[in-house]
Amino acid sequence: MFKRLRFFYFSDKTLGFHEIRFFLTKTLGSAFLMAVGMFCVLFFLNYALGDPFGITMPSAVVAENEFLKDQLRELTRKAASVQKALDELAERNNQLRLLVDMGKIDEDTRRAAIGGSTGVPALPFLSAEANALLRSSQELLSQLEREVELQKKSYEEITRKYEYNKEFFKHLPAIKPCEGDYSMNGFGMRIHPVLGVWRMHEGLDIIADVGTPVYATGDGTVSFAGRTASGYGAVVEINHGYGYTTLYAHLSQIRVRSGQKVKRGELIARSGRSGLVSGPHLHYEVRLNGRRLNPVDHFFDDIQAASYRARLASSQ
């Protein structure tokens, strides 16, 4: 008949042997708990490392996860390539801004507009590697989105400025109003040819015989056309907008009326010797917000009105 195994231990207190009760049960229970603990530790490590042993996930799921991580890496690589293209686009954008007389978007301003973290939270069910890949991809895509928006707004600004410039350049006084010689030093303080005293000469005198055609130097509206009580004699004044006005004095004939709209190169008068003059010529002034400017600075490449009109006709 089978006899139960019994285990004893010696007690120093009683100086005798005592039986260990339920020794086998306790031993098996302890072994079981240790096995469970070791399994949990291994399970956690396997999970944290992406399940290299295929314990926590089926092999198909593991393969799918690896494929998705590869796709994230490829997406990040392509996004980086797009970023490089956007950097080149930003440089061209700045060149266009300079062409339309706008300031460049400097690198600090650009980085401030497109930089910054999106604060993508880590997902608890993803491994550390997967979370890092996902965060990197999302941040890069978000940056690209802000970069595209910045470039879009800049191109809209460029388009508006270009349209503004086209209209502005039409109105800018930019050609010589009539044929004839002039002095580069004709603007400023000088001795008046009739009065013989030092006076500010606020325009430019173009030597031209009586009856020489006088043309509008930019698009605008005639604000005054007629004779004056001053030494200017017969005068035409044009408001070009944008703060610019021009004045044509000592005329022999006026071909426009107040309120009439004129185009650059359009005949508005004929030169003469009306007013206080020593000889026939055209007195021409350019003003910006009431301040007199040297008209010579507005003779771009010394373009003559006749040649300008010929260019316009050939381009139509």
Side-chain angles (χ1 to χ4, degrees), residues 93-105 153-180 182 184 186-188 200-206 213-226 228 230 232 234-251 254-269 271 282-316:
N93 186 294
N94 274 335
Q95 292 174 2
L96 287 175
R97 292 178 72 90
L98 291 177
L99 284 174
V100 296
D101 196 26
M102 293 177 65
K104 294 171 63 175
I105 300 176
K153 288 182 179 178
S154 180
Y155 274 106
E156 290 174 351
E157 292 174 355
I158 291 171
T159 300
R160 287 195 296 270
K161 181 65 173 177
Y162 173 71
E163 293 299 327
Y164 172 89
N165 285 350
K166 283 201 304 184
E167 195 63 25
F168 169 68
F169 292 147
K170 290 179 183 178
H171 292 77
L172 181 67
I175 63 174
K176 190 177 174 184
C178 75
E179 295 183 5
Y182 60 89
M184 293 292 290
F187 177 81
M200 177 66 185
H201 189 233
E202 298 176 328
L204 182 72
D205 291 341
I206 301 175
V214 176
Y215 303 97
T217 57
D219 292 8
T221 303
V222 177
S223 55
F224 179 81
T228 65
S230 67
Y232 281 160
V235 168
V236 170
E237 186 174 24
I238 299 176
N239 185 346
H240 301 277
Y242 305 95
Y244 281 96
T245 59
T246 53
L247 181 139
Y248 314 76
H250 306 310
L251 304 172
I254 295 175
R255 302 290 296 271
V256 291
R257 63 185 183 281
S258 296
Q260 180 179 337
K261 293 186 180 301
V262 294
K263 298 287 186 181
R264 178 185 290 141
E266 183 176 341
L267 180 66
I268 59 172
S271 66
L282 173 71
H283 174 83
Y284 174 60
E285 294 182 10
V286 176
R287 306 171 189 171
L288 176 59
N289 297 320
R291 182 170 61 90
R292 269 72 168 179
L293 305 177
N294 191 341
V296 173
D297 296 334
H298 290 76
F299 294 166
F300 295 103
D301 296 327
D302 201 19
I303 297 176
Q304 301 286 337
S307 62
Y308 180 79
R309 288 163 60 87
R311 292 184 192 180
L312 288 181
S314 63
S315 64
Q316 293 176 351

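- In this structure, Tyr215 OH and Ile268 CD1 are separated by 10.5 Å, a value rounded to the nearest 0.5 Å.
- For the pair Tyr155 and Leu96, the tightest heavy-atom approach, listed with the atom from each and the gap, is CE2-CD1, 3.5 Å.
- Within a 6.0 Å radius of OH in Tyr164, more than 12 heavy atoms belonging to other residues, nucleotides or ligands are found.
- Between Tyr248 and Tyr284, the ring planes lie tilted relative to each other; the angle falls in the 30° to 60° range.
- The closest side-chain heavy-atom distance from Thr245 to Leu247 is not below 4.5 Å.
- Asp219 pairs with exactly one of Arg264, Lys263, Lys261, Lys170 by the salt bridge (charged side-chain N to carboxylate O under 4.0 Å, His left out) rule, that one being Lys263.
- Taking both residues in full, the closest heavy atoms of Pro173 and His240 are given as CG-CD2, 4.0 Å, listed atom of the first, atom of the second, then distance.
- Nearest heavy atom pair, residue Val235 against residue Ile254, reads O-CD1, 3.6 Å.
- The two residues Met102 and Ile158 have their closest heavy-atom pair at SD-CA, 4.0 Å.
- Shown here for Cys178 and Pro213, the closest heavy-atom pair between the two residues is CB-O, 3.1 Å.
- With hydrogens and angles ignored, the 3.5 Å screen pairs a side-chain donor or acceptor of Ser223 with a backbone N or O of Glu237.
- Taking OG1 of Thr246 as the reference point, atom CG of Leu293 lies at 11.5 Å (rounded to 0.5 Å).
- Between Thr217 and His298, the closest side-chain pair of non-hydrogen atoms is not below 4.5 Å.
- Two residues are said to be in side-chain contact when any heavy atoms from C-beta on lie closer than 4.5 Å; Leu267 and Val256 fail this criterion.
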I would like to know whether Leu251 and Leu282 meet side-chain contact (heavy atoms from CB on, under 4.5 Å); could you show each step before the answer? CA-CA 7 Å; Leu251 304 172; Leu282 173 71; 3.7 Å; yes

Could you walk me through whether Arg97 and Glu157 satisfy the side-chain contact (heavy atoms from CB on, under 4.5 Å) test, starting with their C-alpha distance in whole Å, then the side-chain angles of each, then the deciding distance to 0.1 Å, before giving a yes or no? CA-CA 9 Å; Arg97 292 178 72 90; Glu157 292 174 355; 3.1 Å; yes

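- With hydrogens and angles disregarded, a donor-acceptor distance shorter than 3.5 Å links the side chain of His250 to the backbone of Tyr232.
- Relative ring orientation between Phe168 and Tyr244 is described as tilted, the plane-to-plane angle lying within the 30° to 60° band.
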Chi angles and distances behind the salt bridge (charged side-chain N to carboxylate O under 4.0 Å, His left out) call for Glu156, Lys153: CA-CA 5 Å; Glu156 290 174 351; Lys153 288 182 179 178; over 6 Å; no

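- Annotation: side chain of Lys104 is in contact with side chain of Leu98 (closest heavy-atom distance under 4.5 Å).
- The heavy-atom pair separating Ala225 from Ser258 by the smallest distance is N-OG, 3.4 Å.
- The CD atom of Glu266 sits 10.0 Å away from atom CZ of Arg255, with the distance rounded to the nearest 0.5 Å.
- Remark: Asn94 CG to Leu99 CG distance equals 11.0 Å, nearest 0.5 Å.
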